[in-house]
Structures are given as C-alpha cells and as structure tokens.
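Provided herewith is a single structure, encoded as structure tokens, for subsequent inquiry.
Atoms within a ligand are numbered from 1 in the order they appear, just like the ligands themselves. Quick note: residue numbers are just sequence positions, from 1.
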Amino acid sequence: MKLQGKVAIVTGGAQGLGRGFAQGLLGKGVIKKVIKEFGGLDILVNNAGVNGEEPETWRRTIQINLIGMIEGTRLAETYMDKSAGGRGGLVVNIASTAGLVPMFHGPVYSGSKYGVVGYTTSMAADPKTLETGVSYATLCPAFTATELFEESHETLLNNNTGLDLAAKQITDAGIQTVADVVNGFLQLVEADDNNGFVMAVSKQKGIQYVHRRPRKPRANKL
Ligand SMILES: NC(=O)C1=CN([C@@H]2O[C@H](COP(=O)(O)OP(=O)(O)OC[C@H]3O[C@@H](n4cnc5c(N)ncnc54)[C@H](O)[C@@H]3O)[C@@H](O)[C@H]2O)C=CC1
Ligand SMILES: CC/C=C\C[C@H](O)C(=O)/C=C/C=C/C=C\C=C\[C@@H](O)C/C=C\CCC(=O)O
C-alpha cells in the first residue's frame, strides 16, 4: 500500500511497538491530525496487548489480545468496506512468534496470539475481500525490548519451574529493538497485494514471511 496521505489508527500507540509503528507511518507521509469526526480510514493496526497468566489476569489477556483485536477488525471493516461506501484498506494485527511456536511459560498469551494468527489469516482467505477491498496481514515479533517484555521477563525470573528452558528460548531467539520490528512492519504495510501475509521478525532469524498468500478457499470436502 502507498502510504502518502493515508489515514491510520494504531491502538496502544502511546509506547513500545505501537509508538514505533505510529512514528514509522508518520515518517512515510501518513497524515497526522486530531480526527473530530470519523472520516475515511485506510489502515488499522491492532497493536494493544497485555501478557497475564494469573487466575486474576488471564481472562483479561484473552479479552484484550484476542476479543479486542476481533472487535477492532470488525469495526474497521465497516468503515473500509468498498461495497458499503468505504475505499478499501488494510488491517494489520500484531500477533507474536508465540502465535507460531509454543511458549510454555505463557500458554494463555501464546493461545491468544495463535488466535490472532488464525483469525487474521482466515479473514484474508474469505473471497469477500475481493468485494470489500479490505486486506488482512499479521505481524509476529519475537522478544522485543519494551515494557511488556521487561514485565513478562521479570515475572518469569520470579518463577522457578522451567526457568532454564525459558531463558534458553530467549537467548536462542535474542532480544531485538523496536526499530527492528518497525522495519519489518513498514515492509509488510508497503508490500503490494499483502492480503494474508504473515511476517515474523526476530533477532535470531530477521524478517521472515511465514506465508505470503491466503490459502485458497477450498470447496468443502466432506
Ligand atoms: N515486546 C515483545 O517482546 C512483543 C510484543 N508483542 C505484541 O506487541 C504489542 C505491543 O506490545 P509492546 O509494545 O511490547 O507492549 P507495551 O506494554 O510496551 O505497550 C502496549 C501498549 O498497549 C496499551 N494497551 C494495553 N491494553 C490496552 C487496551 N485494552 N486498550 C488500549 N490500549 C491498551 C498499553 O497501555 C501500552 O501503551 C502487543 O500486542 C504484544 O503482545 C508481540 C511479540 C513480542
Ligand atoms: C518472557 C517474555 C514473554 C512474552 C513476551 C513477548 O511479548 C512475546 O511475545 C514472546 C515471543 C516468543 C517467541 C518465542 C520464540 C521465538 C523464536 C524466533 O527465533 C523465531 C520464531 C519463529 C519464526 C517463524 C518460524 O520459524 O516458524
């Protein structure tokens, strides 16, 4: 997508990756204004997310990371839908590489992110995207130096079970910077025909397209 003059919303844009995504989009000419009434929308980045596994926090993780992302996606589609007066657009849902590979020390978080990948790629595979003009892409960062990572890491260090294995996963994957992830994010957003793309970004492996095309809808095979 060409970004000059486009209108974008980034949830959770006040800090961390969301702030990086917003700054990256502004640097590419996405317009910056206080929107008094909801005009057209070209890009939605569902970035807001939390990581909680405790009896009193795990439901909030699902509510924000998965349900909130679905609600945002469905709302954006109503504004972007060409068959309903919109001009098409792009929804980028921020999952995690914990939505591609198991993360035993965060099963609820990982489950929420597998849900983001599954939901977003399923939306991309729907033939109706040909009418709505709305594309759906998924970004899967690995460990990145932000407040969420620091807080999650602190919690991990206070748990004794499996600490060595968790520490090995972090060491193997490495801890990247927000700028590393923003670099991949901008490549994903600017890619032509990016509907269905799933991009992973990690210090260990750099930028990887896990898959580029929605799996073609198949006739239901009984
Ligand atoms: N930091 C990392 O290692 C990785 C982060 N991610 C994902 O990237 C996204 C951003 O994470 P970080 O920047 O690391 O976290 P962060 O904690 O630094 O920033 C998250 C932002 O989202 C906001 N937020 C949280 N819940 C919200 C809600 N219900 N409504 C509105 N805003 C809300 C927070 O106030 C904060 O400004 C999250 O979805 C996270 O799961 C994915 C993989 C790796
Ligand atoms: C202690 C921090 C816990 C969670 C915070 C963080 O927000 C997060 O999301 C963690 C991500 C976990 C990543 C786990 C493994 C990463 C491996 C990478 O090297 C590459 C993985 C996949 C790339 C694509 C693939 O090979 O399938």
Pairs under 3.5 angstrom, nitrogen or oxygen on both sides, ligand 2 versus protein: list them out, please.
{"from": "ligand 2", "atom 1": "7 (O)", "to": "Tyr109", "atom 2": "OH", "distance (Å)": "2.8"}
{"from": "ligand 2", "atom 1": "9 (O)", "to": "Ser96", "atom 2": "OG", "distance (Å)": "2.7"}
{"from": "ligand 2", "atom 1": "9 (O)", "to": "Tyr109", "atom 2": "OH", "distance (Å)": "2.9"}
{"from": "ligand 2", "atom 1": "19 (O)", "to": "Gln204", "atom 2": "OE1", "distance (Å)": "2.4"}
{"from": "ligand 2", "atom 1": "26 (O)", "to": "Lys205", "atom 2": "NZ", "distance (Å)": "3.1"}

Q.
For the backbone of Ala48 and the side chain of Thr11, can you confirm whether one donor and one acceptor N or O come within less than 3.5 Å of each other?
A. yes

Q: Using a strict cut-off of 4.0 Å, indicate which atoms of ligand 1 neighbour a heavy atom of Ala48.
A: 22 (O), 24 (N), 27 (C), 32 (N), 33 (C), 39 (O)

**Q.** Sub-4.0 Å atoms of ligand 1 with respect to non-hydrogen atoms of Glu147
**A.** 18 (O)

Q.
Check this for me: does any side-chain nitrogen of one of Lys128 and Glu77 sit under 4.0 Å from a carboxylate oxygen of the other?
A. yes

Q. Could you give the distance from CD (Glu151) to CD (Glu147), rounded to the nearest 0.5 Å?
A. 5.0 Å

Q: May I ask whether Thr11 has any heavy atom positioned less than 4.0 angstrom from an atom of ligand 1?
A: no

Q | Numbered atoms of ligand 1 (with element) below 4.0 Å of Ala95, judged on heavy atoms | A | 7 (C), 42 (C)

Q: Among all protein heavy atoms, pick out the one at the shortest distance from atom 36 (C) of ligand 1; state its residue, atom name and that distance to 0.1 Å.
A: Gln15 CG, 3.7 Å

Q: Just need the protein heavy atom nearest to atom 15 (O) of ligand 1, so name the residue and atom and give the distance.
A: Leu148 CB, 3.3 Å

Q.
Given 3.5 Å as the limit, does a donor-acceptor pair link the side chain of Asn65 with the main chain of Val50, or not?
A. yes

Q | Heavy-atom nearest neighbour in the protein, as seen from atom 40 (C) of ligand 1, with distance rounded to 0.1 Å | A | Tyr109 OH, 3.6 Å

(Q) Determine whether a donor-acceptor pair (N or O, by modelled atom type, separation under 3.5 Å) exists between the side chain of Thr97 and the backbone of Pro141. (A) yes

Q) Does Lys28 come within less than 4.0 Å of Glu190, counting only side-chain N to carboxylate O? A) yes

Q. Val10 pairs by side-chain contact (heavy atoms from CB on, under 4.5 Å) with which of Val45, Val92, Ile43, Val30?
A. Val45

Q. Atoms of ligand 1 less than 4.0 Å from Leu17 heavy atoms?
A. 5 (C), 8 (O), 13 (O)

Q.
Nearest 0.5 angstrom please: Leu75 CG to Met80 CE, how far?
A. 9.5 Å

Q: Check for a donor-acceptor pair, side chain of Ser202 on one end and backbone N or O of Lys205 on the other, with a separation under 3.5 Å.
A: yes

Q: Report the part of Ile64 (side chain from C-beta onward, or backbone N, CA, C, O) that has a heavy atom under 4.0 Å from ligand 1; answer both or neither where that applies.
A: side chain

Q: Tell me which protein heavy atom sits closest to atom 39 (O) of ligand 1, plus the residue, atom name and distance to 0.1 Å.
A: Asn47 O, 2.7 Å

Q.
Tell me whether Arg19 reaches ligand 1 (any heavy atom closer than 4.0 angstrom to a ligand atom).
A. no

Q. Of the protein's non-hydrogen atoms, which lies at the shortest distance from atom 43 (C) of ligand 1, and what is that distance?
A. Pro141 O, 3.2 Å

(Q) Using modelled atom types and a 3.5 Å cut-off, is there a donor and acceptor pairing between side-chain atoms of Lys6 and backbone atoms of Lys2? (A) yes

**Q.** Option nearest atom 3 (O) of ligand 1 (shortest heavy-atom distance, choices Thr144, Ile170, Asn93)
**A.** Thr144

**Q.** Backbone N/O of Gly99 and side chain of Ser110: donor-acceptor pair under 3.5 Å
**A.** no

Q. Are the side chain of Asp42 and the backbone of Val7 linked by a donor-acceptor contact shorter than 3.5 Å?
A. yes

Q) Would you call Lys203 and Asp180 a salt bridge, using N to O less than 4.0 angstrom? A) no

Q | Candidate pair Phe149 and Ile170, rule side chain to side chain contact (heavy atoms under 4.5 Å, CB included), full reasoning | A | CA-CA 11 Å; Phe149 173 77; Ile170 295 171; 4.2 Å; yes

Q: Find all atoms of ligand 1 within a distance of less than 4.0 Å from any non-hydrogen atom belonging to Phe143, and give their numbers and elements.
A: 3 (O)

(Q) Determine whether Leu41 and Ile9 satisfy the following criterion, side chain to side chain contact (heavy atoms under 4.5 Å, CB included), listing intermediate values before the conclusion. (A) CA-CA 8 Å; Leu41 177 64; Ile9 293 176; 3.7 Å; yes

Q: Please confirm whether the backbone N or O of Val116 pairs with a side-chain atom of Asn93, one donor and one acceptor, at under 3.5 Å?
A: no

Q) In the protein, which heavy atom is nearest to atom 44 (C) of ligand 1, and how far is it? A) Ala142 O, 3.1 Å

**Q.** Flag: protein heavy atom within less than 4.0 Å of atom 34 (C) of ligand 1
**A.** no

Q) Where does Lys113 meet ligand 1, judged by heavy-atom distances below 4.0 Å: at the side chain, the backbone, both, or neither? A) side chain

Q.
Looking only at protein heavy atoms, which one is nearest to atom 21 (C) of ligand 1, and what is the separation?
A. Gly12 O, 3.7 Å

Q: For Gly16, take its heavy atoms, then give the atoms of ligand 1 lying under 4.0 Å from any of them.
A: 13 (O), 18 (O)

Q. Does Thr144 reach the main-chain N or O of Gln176 with its side chain, forming a donor-acceptor pair under 3.5 Å?
A. no

Q. Is it the side chain, the backbone, both or neither of Ser152 that has a heavy atom closer than 4.0 Å to ligand 1?
A. neither

Q: May I ask which of Gly99, Gly20, Gly49, Cys140 has a heavy atom nearer to atom 25 (C) of ligand 1 than the others do?
A: Gly49

Q) Has the side chain of Tyr114 got a donor or acceptor atom that lies under 3.5 Å from a matching backbone atom of Leu100? A) yes

Q. Looking at atom 13 (O) of ligand 1, would you say a protein heavy atom lies below 4.0 Å from it?
A. yes

Q | Distance from atom 1 (N) of ligand 1 to nearest protein heavy atom, with residue and atom | A | Thr146 OG1, 2.9 Å

(Q) Quick check: Ser96 and ligand 1, any N/O pair under 3.5 Å apart? (A) no

